[in-house]
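Submitted below is the structure of interest, expressed as structure tokens.
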Amino acid sequence: MDQTQLDLPRMRGDAGVAEEADEDGKNADVHNRGELHVHMNGAIPMSKIREILTDEATVLPAGFELERDLVRATPCQSLAEYLTPWQVLRLFPRKRENLDRLTLAVIAGLAENNVRFVELRSSVLYLAALQKCSPAEALERLIESTGGAAQRHGIRRGLILTVTRGDYGAVNLSALLQAYQDLGEPKDMIGLDLAGDEEIAYPTELPSLFRAAKDRFGLGITIHAGETGLVENVRSAVELFGADRIGHGTAVGNDPDLLELLSTRGICVEVCPISNRLTGAVPTNEPHPLQQFRRHGVPFVICSDNPAIHRRGLADDQAAAMAEGLSIGDMRQQYEVAKRYSFMKDLN
Ligand SMILES: [Zn+2]
């Protein structure tokens, strides 16, 4: 898909376009969607970010321009360039009520894309630091805030807690799991995610901590792996971390052994077509590996990753998947596929 094909309509839910949501017909054929890979702070509409930054009198990093640096709508030179918006996304919400405001905007954007259930990802520890509260309090706020917004829009939601690769991965995971236990193991929390720079090492005990959390609490495990070409990260995600799903996994398309492994074990790949083109995970001149996934019987779900940063929505990601060779029939089946591989129980 070239750049012009990426020039799709702006994300539903952004200021002023909500009423146009169905005009281009993207929602006309697919009435129900499930979203299994979306980062909460990558799904906040620009208009809401502006409101909150103003309300909290946030000082932006030197040289950061919101219109230019908070949007990634054309392919980036590097993953680092793609991640520029997070220089600001990590600075808010410092106020409790602004967490409610941004959560409501995130869920509204999903509802406009016909999303009926969503697994929302967030790293709670940054929220605890911003709101000067304990990790357990931050998790409780996130549960209340997302729960209220989801109920208002008639969407089911579960929470996935994200841990970042690097030296503090194990300490941070332990802190999150302690918070989860302090709150009495709330059913709202359904899974764990590992994200961050795939070149960075992680503490040797981290994989066993993920597996222990899966065994003890029944949490689903999804690992961002194989996004920057490192197939060995996908293998370790499966064999060491006990991954139930793989985020992106684009490198797997060229590895017959791994395609076989994912297919045999029924491990689902969360395919984010627009994100993959913007980050360069799939180069402009190459086909998207989702055709390989389908050919080898690797299950996959189409997801949106950071829809507001892309100025798109899940409907656009499904359209992008069709531009990559999938059919409208494939898209209609996606709802059932998403249900099957969701970490949320009782979705029917
Ligand atoms: Zn992601």
Side-chain angles (χ1 to χ4, degrees), residues 11 34-44 70-73 75-76 78-87 89-90 106 109-110 113 115 118-126 157-166 169 172-173 176 190-200 202 210 220-230 233-234 237 241 243-252 267-282 288-290 293 300-314 316-318 320-321 338 341-343:
M11 181 199 175
E35 170 63 271
L36 302 189
H37 186 138
V38 60
H39 298 268
M40 201 160 122
N41 59 10
I44 312 164
L70 215 48
V71 176
R72 305 283 95 164
C76 299
S78 65
L79 193 58
E81 186 190 331
Y82 175 82
L83 294 173
T84 305
W86 277 264
Q87 292 174 17
L89 294 174
R90 68 170 73 104
V106 167
L110 292 162
N113 279 268
V115 170
V118 56
E119 301 187 358
L120 273 175
R121 296 172 192 223
S122 180
S123 38
V124 163
L125 298 179
Y126 93 102
R157 74 87 182 86
L159 295 176
I160 294 179
L161 301 186
T162 295
V163 175
T164 306
R165 284 183 164 87
N172 290 346
L173 176 56
L176 288 172
I190 55 170
L192 296 173
D193 167 39
L194 181 66
D197 188 338
E198 288 192 57
E199 306 273 349
I200 294 180
Y202 48 77
F210 267 82
I221 305 291
T222 176
I223 307 285
H224 281 75
E227 183 182 11
T228 50
L230 300 174
N233 281 352
V234 179
F241 285 83
D244 301 290
R245 301 198 314 244
I246 299 290
H248 302 297
T250 45
V252 174
I267 292 170
C268 183
V269 180
E270 300 151 3
V271 173
C272 308
I274 292 176
S275 171
N276 292 160
R277 293 292 180 183
L278 294 176
T279 59
V282 181
H288 195 287
L290 55 79
F293 298 153
F300 61 86
V301 282
I302 303 298
C303 307
S304 65
D305 206 13
N306 298 297
I309 299 304
H310 307 158
R311 296 282 180 98
R312 310 287 202 279
L314 183 57
D316 297 312
D317 275 277
Q318 291 198 344
Y341 292 96
S342 173
F343 300 150

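Atoms within a ligand are numbered from 1 in the order they appear, just like the ligands themselves.
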Excluding water, the protein N, O or S atoms sitting under 2.8 Å from the Zn ion (ligand 1) are H37 NE2, H39 NE2, H224 NE2, D305 OD1
For residues F293 and H288, establish whether the separation of their ring centroids is below 6.0 Å. no
Strictly distance-based, threshold 3.5 Å: is any side-chain N or O of E35 a donor or acceptor partner for the main-chain N or O of H37? yes
*Under 3.5 Å side-chain donor-acceptor pair for T228 and E199*: no
Separation between CG (L36) and CZ (F343), nearest 0.5 Å, reads 8.0 Å
*Test of ring centre spacing under 6.0 Å for F210 and Y202*: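 Centroid distance F210-Y202: not below 6.0 Å, so no.
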- request: Measure the spacing between CD1 of I223 and CG of L194 and express it to the nearest 0.5 Å.
  value: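 It comes to 5.0 Å.
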